[in-house]
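Working notes for the structure below.
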Amino acid sequence: MEPFWESTYLDDAIETFGKPSEEVVDISKRLNKNSRVLDLGCGDGRHAVFLANLGHVVDAIDVSSAGIAKINRLKEKYNLQNLHTFIGDVTDFELSTTYDLIISHGLFHFIEREDWQKLIRRMKSNTSKGGYHIITVFTNEVEIPEDLKPFVKGIFYEGEVKEYYTDWEIEMYRSYQFEDEHEHNIRHCHAVNKIVARK
């Protein structure tokens, strides 16, 4: 069984998860020119391509070869030599440089709790002074949709993500629920925590 997004990644006309999120657009206005960005679990590139188009140096990693292939097609279309893509498990990705912005949007609940806890610590260590993290996760406030249950491994407790950033400045925190609809009439209800934190 494959998650629904694997099929939509094959179609360049479909924006699987929509436009860049509001908080990414907001932070992009505050980044210095040619900032270094890491997009963990980048999907088909809604944030990575957007930020690379602004001139930032972007590393984008996802376990989906279809998602990365789609980004690479967009990279060629827009001549984005500053966008670097990687296929692989984010828990094995070597953070060998310091980033000004690290994004994890809708990723961590798909990996084991112990793994995302370690990854957050590595992310924090590899963020420049004054750099940002943008994290969005599903929480246990509502039932995980049936089609996603096989893939959700490390669900967050309500408010838990804030506990990992008590030593940073929390610029934005939101807790909310929403319903969305994807291609092929797939409907979901999610409980979400979203945080923007600055080192």
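Just so we're clear, the structure is a prediction, and the values are computed from it rather than from any experiment. As a basis for the values below, the full set of heavy atoms in this structure was taken, side chains included, without hydrogen atoms, waters or symmetry mates.
A distance of 8.5 Å separates CD1 of Ile155 from CZ of Phe110, quoted to the nearest 0.5 Å. One finds the CZ atom of Arg122 at 14.0 Å from the CD atom of Gln117 (value rounded to the nearest 0.5 Å). Atom OG of residue Ser65 and atom CD1 of residue Ile87 lie 5.5 Å apart, to the nearest 0.5 angstrom. For the atom pair CD1 (Ile135) and CG (Leu107), the distance works out to 9.5 Å, reported to the nearest 0.5 Å. Rounded to the nearest 0.5 angstrom, Tyr132 OH and Arg198 CZ are separated by 4.0 Å.
Looking only at side-chain heavy atoms (C-beta outward), Thr136 and Ser21 stay at 4.5 Å or farther from each other. Between Ile134 and Ile27 there is a side-chain heavy-atom pair separated by less than 4.5 Å. At least one side-chain heavy atom of Tyr173 sits less than 4.5 Å from a side-chain heavy atom of Val161. No side-chain heavy atom of Phe108 sits under 4.5 Å from any side-chain heavy atom of Asp115. Between Ile195 and Ile170, some side-chain heavy-atom pair lies under the 4.5 Å cut-off. Trp116 places a side-chain heavy atom less than 4.5 Å from the side chain of Tyr164.
Partners of Ile71 according to the side-chain contact (heavy atoms from CB on, under 4.5 Å) rule, which considers only residues two or more places apart in sequence or in another chain, are Cys42, Val49, Ile68, Leu83, Thr85. Under the side chain to side chain donor-acceptor pair (under 3.5 Å) criterion, Asn34 pairs with no residue at all, not counting sequence neighbours. Partners of Asp26 according to the side chain to side chain donor-acceptor pair (under 3.5 Å) rule, which considers only residues two or more places apart in sequence or in another chain, are Arg30. With sequence neighbours excluded, the residues satisfying side chain to side chain donor-acceptor pair (under 3.5 Å) with Thr127 are His133. Qualifying salt bridge (Lys or Arg N to Asp or Glu O under 4.0 Å) partners for Lys194, counting only residues two or more places apart in sequence or in other chains: Glu23. Taking Glu114 as the reference, Lys118 meet the side chain to side chain donor-acceptor pair (under 3.5 Å) condition, with sequence neighbours excluded.
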For a quick test of your reading: what N or O donor-acceptor pairs under 3.5 Å do the side chains of residues 92-103 make, sequence neighbours left out?
residue: Tyr99; atom: OH; partner: Asp59; partner atom: OD2; Å: 2.6
residue: Asp100; atom: OD1; partner: Ser128; partner atom: OG; Å: 2.8
residue: Asp100; atom: OD2; partner: Arg36; partner atom: N; Å: 2.8

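Connection of Tyr165 to Val196 is not established within any shared hydrophobic cluster, with ILVMFWY side chains joined at heavy-atom distances below 4.5 Å, either directly or through further cluster members. There is a path of hydrophobic side-chain contacts, each under 4.5 Å, that joins Leu54 to Val25.
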TODO: Would you check, one step at a time, whether the test side chain to side chain contact (heavy atoms under 4.5 Å, CB included) holds for Val90 with Val63?
DONE: CA-CA 7 Å; Val90 296; Val63 72; over 6 Å; no

Task: Leu119/Leu40 under side chain to side chain contact (heavy atoms under 4.5 Å, CB included): CA gap, chis, key distance, verdict - done: CA-CA 10 Å; Leu119 184 52; Leu40 293 167; 4.3 Å; yes

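Cluster note: Val57 groups with no other residue, as no ILVMFWY side-chain heavy atom lies under 4.5 Å from it.
For Arg46 (side chain) and Lys19 (main-chain N/O), a donor-acceptor pair under 3.5 Å exists by modelled atom type.
Summarising the geometry of Gly131 relative to Trp168, their closest heavy-atom pair is O-CZ3, 4.1 Å, with the distance given to 0.1 Å. Between Val58 and Ala52, the shortest heavy-atom distance links the atoms CG2-N, 3.7 Å. Residues Asp62 and Ser64 approach most closely at OD1-N, 2.8 Å, considering heavy atoms.
For the residue pair Asp89/Thr91, the side-chain donor-acceptor check at 3.5 Å is satisfied. Counting only N and O atoms by type, the side chains of Gln81 and Asn79 include a donor and acceptor under 3.5 Å apart.
Atom CZ of Phe86 is surrounded by more than 12 heavy atoms from other residues, nucleotides or ligands within 6.0 Å.
Taking the six-membered ring where tryptophan is involved, the planes of His109 and Phe138 are essentially parallel, since the angle between them stays under 30° and well short of 60°.
Under the ring pair (Phe, Tyr, Trp, His ring centres under 6.0 Å) criterion, no residue pair touches residues 57-76, with sequence neighbours excluded. Contacts classified as ring pair (Phe, Tyr, Trp, His ring centres under 6.0 Å) and involving residues 49-82 (residues at least two apart or in different chains) are not found. Sorted by first and then second residue, the salt bridge (charged side-chain N to carboxylate O under 4.0 Å, His left out) pairs involving residues 154-167 (not counting sequence neighbours) are Arg113-Glu160, Lys124-Asp167. Applying the ring pair (Phe, Tyr, Trp, His ring centres under 6.0 Å) test to pairs two or more places apart or on separate chains, those with a residue in residues 28-47 are His47-His105.
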